[in-house]
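Bear in mind that the values here come from a model prediction, so they are computed numbers and not experimental data. Quick note: residue numbers are just sequence positions, from 1. For the numbers below, each heavy atom of this structure counts, side chains included, while hydrogens, waters and symmetry mates do not.
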Amino acid sequence: MAFTDFSTLNKVREMFPHIKIVYEDFIAQKIKPFRYSVSLKNEIELSLSTQKPGEWFASFFLIAPLLKAAWNKHIQNLNLWVQTRLYADDILTGFPDFLITGLNKKQYSFLSAPMLAVVEAKEENFKEGWGQCAAEMLACQKINQNKDIDIFGIVCTGYVWEFAKLSQETLQIDTHVFTVSELQKLLNILNYFFEEVEKQL
């Protein structure tokens with residue numbers, strides 16, 4: 001199997017019946033404002049003005065720039081990977097669109113634990129996105145061999161963003177939906193997301 005075989009959360013439930021899936025808020029209400037550059041704002045506005053469909057366009061021109069902006073504040077401790085193979089076992093394997101790990105300062109180019117977060121880009125199909133993202137989060141947890149490390153996940157179209165957290169055997173999917181049209185708010189959330197990820201180190 002592969003992550004792409006997990007087409008829905010029901011498939012995750014079938015394969016991993018011990019995992020409890022709940023929909024509840026976990027993102028803090030008081031989030032620090034994130035300062036970003038005018039050039040990032042212009043870049044995102046230009047991408048939005050073209051309105052090109054497709055996962056690849058969204059990944060390169062919307063998702064990646066926003067992730068990089070937030071990651072830049074945490075670059076001393078975290079590494080951001082793109083389309084890197086993640087292998088936990090023959091069921092939990094594949095290529096997350098984006099993967100966030102602790103930074104191994106001795107081996108920058110080698111993927112190493114702890115695995116901390118995954119980002120799955122989907123073109124409007126959030127049901128499929130959450131199936132794949134949940135499987136990727138479970139893979140991270142298994143590789144870490146430590147269920148006390150929370151794993152974070154994002155499913156997004158580039159325009160719409162949703163967030164989740166895997167704690168022990170509970171997958172929390174936040175009920176809030178965030179959009180790139182509220183750029184300041186979304187970047188505040190992404191920065192908070194990276195802060196929470198960094199706390200797991």
Side-chain angles (χ1 to χ4, degrees), residues 1-27 53-56 58-59 62-64 67 78-102 111-179 189-190 192-194 196-197 199-200:
M1 292 184 67
F3 298 138
T4 51
D5 294 317
F6 291 88
S7 54
T8 65
L9 284 171
N10 284 335
K11 186 67 175 178
V12 175
R13 287 189 180 101
E14 289 173 16
M15 298 295 296
F16 303 96
H18 64 285
I19 296 298
K20 180 182 179 182
I21 300 172
V22 298
Y23 294 86
E24 59 188 19
D25 302 340
F26 71 87
I27 295 176
E55 290 175 26
W56 287 110
S59 290
L62 292 173
I63 300 170
L67 289 177
L78 299 175
N79 214 342
L80 179 63
W81 305 83
V82 180
Q83 283 287 319
T84 299
R85 185 170 186 250
L86 187 62
Y87 180 87
D89 54 37
D90 290 340
I91 294 174
L92 295 171
T93 183
F95 295 83
D97 292 319
F98 299 90
L99 173 66
I100 301 164
T101 70
L111 191 64
S112 59
M115 309 290 165
L116 300 168
V118 291
V119 183
E120 186 65 29
K122 281 292 163 195
E123 189 177 0
E124 304 300 331
N125 192 339
F126 277 87
K127 286 185 178 180
E128 183 179 69
W130 276 121
Q132 291 181 27
C133 189
E136 292 162 4
M137 294 167 78
L138 286 167
C140 290
Q141 186 182 68
K142 186 169 184 176
I143 292 169
N144 287 342
Q145 298 182 339
N146 182 354
K147 289 188 177 181
D148 289 332
I149 298 176
D150 292 338
I151 309 298
F152 293 83
I154 300 175
V155 175
C156 60
T157 65
Y159 305 93
V160 179
W161 297 64
E162 296 181 359
F163 296 82
K165 177 171 68 173
L166 176 64
S167 300
Q168 299 281 343
E169 297 182 348
T170 300
L171 175 64
Q172 297 172 271
I173 299 177
D174 198 277
T175 57
H176 291 95
V177 175
F178 303 93
T179 67
I189 298 296
L190 284 173
Y192 165 80
F193 179 88
F194 273 88
E196 292 298 296
V197 166
K199 288 178 184 177
Q200 303 303 302

* Structure fact -> CD1 of Ile21 to CG of Leu166, rounded to nearest 0.5 Å, is 10.0 Å
* Asked: Would one find more than 12 heavy atoms of other residues, nucleotides or ligands at under 6.0 Å from atom NZ of Lys127?
  -> no
* Asked: Of all heavy-atom pairs between Phe98 and Ser59, which one has the smallest distance, and what is that distance?
  -> CZ-O, 4.0 Å
* ring pair (Phe, Tyr, Trp, His ring centres under 6.0 Å) partners of Phe152, counting only residues at least two apart -> Phe193
* Asked: Roughly how far, to the nearest 0.5 Å, is the CD1 atom of Ile100 from the CD1 atom of Ile154?
  -> 6.0 Å
* Asked: For Pro17 and Glu14, which heavy atoms make the closest approach, and how far apart are they?
  -> CD-O, 3.8 Å
* Ile151 side chain reached by Asn144 side chain, heavy atoms, under 4.5 Å -> yes
* Asked: How many angstroms lie between atom CZ of Phe178 and atom SG of Cys156, to the nearest 0.5 angstrom?
  -> 13.0 Å
* To do: For the residue pair Met115 and Leu86, establish whether any side-chain heavy-atom pair is separated by less than 4.5 Å.
  => yes
* To the nearest 0.5 angstrom, please state how far the CG atom of Asp89 sits from the CE atom of Met1. => 10.0 Å
* Over all heavy atoms of both residues, which pair between Thr93 and Arg85 is shortest? Give the atoms and the distance, please. => OG1-NH2, 3.5 Å
* Evaluate the side-chain proximity of Gln83 to Asp97: yes if any heavy-atom separation is below 4.5 Å, no if none is. => yes
* Report the C-alpha separation of Ile173 and Leu9 in whole Å, then their side-chain angles, then the decisive distance to 0.1 Å, and conclude whether the side chain to side chain contact (heavy atoms under 4.5 Å, CB included) test is met. => CA-CA 11 Å; Ile173 299 177; Leu9 284 171; 3.7 Å; yes
* Where do His176 and Ile27 land on the side chain to side chain contact (heavy atoms under 4.5 Å, CB included) test, with the steps shown first? -> CA-CA 9 Å; His176 291 95; Ile27 295 176; 5.7 Å; no
* Are any of the side-chain heavy atoms of Leu111 and Leu99 separated by less than 4.5 Å? -> yes
Taking distance alone, no hydrogens or angles, what donor-acceptor pairs closer than 3.5 Å link side-chain atoms of residues 129-140 to residues at least two apart or in another chain?
unit_1, atom_1, unit_2, atom_2, d
Trp130, NE1, Glu162, OE1, 2.8

* Contact check, side chains of Asp25 and Asp174, non-hydrogen atoms, under 4.5 Å -> yes
* Asked: Between Phe6 and Leu92, is any pair of side-chain heavy atoms under 4.5 Å apart?
  -> yes
* Within-4.5 Å side-chain heavy-atom neighbours: Glu169 and Lys20 -> no
* To do: On the 0 to 90° scale, with breaks at 30° and 60°, tag the Phe163-Trp161 ring pair as parallel, tilted or perpendicular.
  => parallel
* Structure fact -> Rounded to the nearest 0.5 angstrom, the OG1-CD distance for Thr175 and Glu24 is 9.0 Å
* Asked: How about Val177 and Phe126: do any of their side-chain heavy atoms sit closer than 4.5 Å?
  -> no
* **Flag for Ser167-Asp150: side-chain donor and acceptor within less than 3.5 Å** => yes
* Could you check Phe194 against Leu67 for side chain to side chain contact (heavy atoms under 4.5 Å, CB included), going step by step and ending with a plain yes or no? => CA-CA 9 Å; Phe194 273 88; Leu67 289 177; 4.2 Å; yes
* Structure fact -> Taking every heavy atom of Glu196 against every heavy atom of Lys199, the minimum-distance pair comes out as OE2-NZ, 2.8 Å
* Would Asn146 and Gln141 count as having a side-chain donor-acceptor pair, cut-off 3.5 Å? -> no
* Asked: How many angstroms lie between atom CD of Gln168 and atom CD1 of Ile19, to the nearest 0.5 angstrom?
  -> 10.0 Å
* To do: Test side chain to side chain contact (heavy atoms under 4.5 Å, CB included) on Leu171 and Phe16 and set out the steps.
  => CA-CA 12 Å; Leu171 175 64; Phe16 303 96; over 6 Å; no
